[in-house]
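Below, chain A is the first sequence line, B the second, and so on; all start at residue 1. These numbers come from a predicted model, not from an experiment.
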Number of protein chains: 2
Amino acid sequence: MPVGLQPEELRRIDGLVASRRRLKRREALFHNGEKFESLFAIRTGTFKTCVASEDGRDQVTGFQMAGEILGLDGIVSDQYNCDAVALEDAEVCVIPFGSIETLSREVPALQRHIHQIMSREIVRDHGVMLLLGSMRAEERLAVFLLNLVQRLHARGFSRSELLLRMSREEIGSYLGLKLETVSRTLSKFAEDGVLDVQQRHLRILDAQALQRMVNP
Amino acid sequence: MPVGLQPEELRRIDGLVASRRRLKRREALFHNGEKFESLFAIRTGTFKTCVASEDGRDQVTGFQMAGEILGLDGIVSDQYNCDAVALEDAEVCVIPFGSIETLSREVPALQRHIHQIMSREIVRDHGVMLLLGSMRAEERLAVFLLNLVQRLHARGFSRSELLLRMSREEIGSYLGLKLETVSRTLSKFAEDGVLDVQQRHLRILDAQALQRMVNP
DNA sequence: CGGGCCATTGACATCCATCAAAGCGTGTGG
DNA sequence: CCACACGCTTTGATGGATGTCAATGGCCCG
């Protein structure tokens, strides 16, 4: 949440949270087509969002963790335009969008914050397009892992150790690769001494080598 | 712009336009890293937006035409996060973002409109991710052409004829393909009687066939 | 009218997908 | 609490779609 607010403003922003909701692993927070009413702020847990084409293919569009916002895609058409699914037991704050709009008319810092959140998502998406459009499998995975560990580190976790909450298939969907390619590439990183891979437990042994794959 | 406004509100929204700016083909409206101050509404002409990775690769993230908004990616960090370049001579309205924020606190319909524009961009980006992550070259190109012609049709142009403002390389960058693949795929569509291709002049001969490539 | 950019086309290489099989973990129910 | 089954992951063999390199040709703009 934004900084530099009056206590009074802060109190009102806190008041936006209408309720909390707990989800179990694999439970959907919302589905594509469902009526849009609220944004959700993740308190704990990890989510994935996915879109599907009419012929059944689907694509993971992102992985979200504590502090990040879900539901922005619903604003435009008054219905959610993707599925959001918990990858582990999770808890979210439910924030009715109408209340956000009302309060952000009175609290410029909140208004600014909302705009920034949406803009940040747009910039992130453009980065993913760059990845999907022009990188090779190893680079994609390196970018993915570095991004993940950086976000985890910002939340107080290790800079080098991580527990993947998503399957190889979900990673592959996000990165535009098949699950076998994800698995093979992880194995290659392990062979090269860049990673230690124990199922979903990863340990980054040579962060600079990963960096170099992105920035050769 | 939104509908159902009071004349007074409409007048004030019109007043947001600080100036207009004309651009020549290949001229940049803004560059990555430049200070963000305004959004731009396209009056005439076509633009591309592109992002670049540090090692020089770049990726076209979209093609924009009359009525669409450029610059949303700049909000988050107070500087533009992509390049926007005119693909033909063009004219835009310059809309200072500060004024938008101020006025949208007083005019809920404007506030809502801004939110929808940003949300629409997010949804569009997710669609592109689906395309880049899971479609084959022919499907990508079919989706691209159908989208383009639909947007042109909404602006009063033909439902079947179009003049590409972008090169094969730019299309390829957008679709995650090499220019040769774009060219070959267009040639194949022509052989199959789906398209007539005369350099950048395209004519869709069998729209249903294109549709079926997307939705098999 | 000419030069340079853009597009087309061919031959070949490469990366990743596909198909297949086996191993490992996890969690679930008896 | 243990055992089994299922899902997830790994790994191998093979093929196909697209990238790469190269040469030619056409169009547009200056």
Item to complete: Establish, with yes or no, whether the OP1 or OP2 oxygen of C/dT8 is under 4.0 angstrom from a side-chain nitrogen or oxygen of B/R168.
Response: yes
Of the listed D/dT11, C/dA17, C/dC15, the closest approach to the A/T181 side chain comes from C/dA17
A/M135 CE to C/dC15 P, in whole Å, measures 17 Å
dist A/L195:CG -> A/L186:CG (nearest 0.5 Å) comes out at 6.5 Å
Assess whether a salt bridge exists between B/R155 and B/E68, defined as any Lys/Arg side-chain N lying under 4.0 Å from an Asp/Glu carboxylate O. yes
Which part of the nucleic acid, if any, lies within reach of A/V182 when heavy atoms closer than 4.0 Å are counted: base, sugar-phosphate only, or nothing?
nothing
Which of C/dG25, C/dC19, D/dA17 is nearest the side chain of B/R136? It is D/dA17
note: B/R140, atom CZ; D/dT18, atom P; distance rounded to Å ~ 7 Å
Are B/F40 and B/F30 an aromatic pair by the rule of ring centers under 6.0 Å? yes
Tested for side-chain contact (heavy atoms from CB on, under 4.5 Å) against B/Y174, the lone hit among B/L132, B/V60, B/T49 is B/V60
Taken to the nearest whole Å, CE/A/M166 to C1'/D/dC8 is 15 Å
| query | Any side-chain N or O of A/S183 under 4.0 Å from OP1/OP2 of D/dT11? | reply | no
Looking only at D/dT11, D/dT10, C/dT9, the nucleotide nearest the A/R184 side chain is D/dT11
* Asked: Think B/S187 has a side-chain N or O under 4.0 angstrom from the OP1 or OP2 of C/dT9?
  -> yes
Separation of C/dA17 atom P from B/E139 atom CD, nearest Å, is 14 Å
Which of D/dT9, C/dA17, D/dT20 is nearest the side chain of A/L177? It is C/dA17
Looking at A/E121 and A/R124, is there a salt bridge between them, counting it only when a charged N and a carboxylate O are closer than 4.0 Å? yes
A/L163 CG to D/dT9 P, in whole Å, measures 12 Å
- Quiz item: B/E180 side-chain donor-acceptor pair to D/dC21 base, under 3.5 Å: yes
To the nearest angstrom, the CD-P distance between A/E170 and D/dG7 comes to 15 Å
Between CG of B/L175 and C1' of D/dG19 the distance, given in whole Å, is 15 Å
Between CG of B/L186 and C1' of C/dA7 the distance, given in whole Å, is 10 Å
With the side chain defined as heavy atoms from C-beta on, B/K178 is closest, among D/dT11, C/dC6, D/dT20, to D/dT20
task = Could you check whether B/G172 gets within reach of a base, just the sugar-phosphate, or nothing at all, counting any heavy atom under 4.0 Å?
result = nothing
ask   = Between A/R200 and D/dC8, does any side-chain N or O lie under 4.0 Å from OP1 or OP2?
value = no
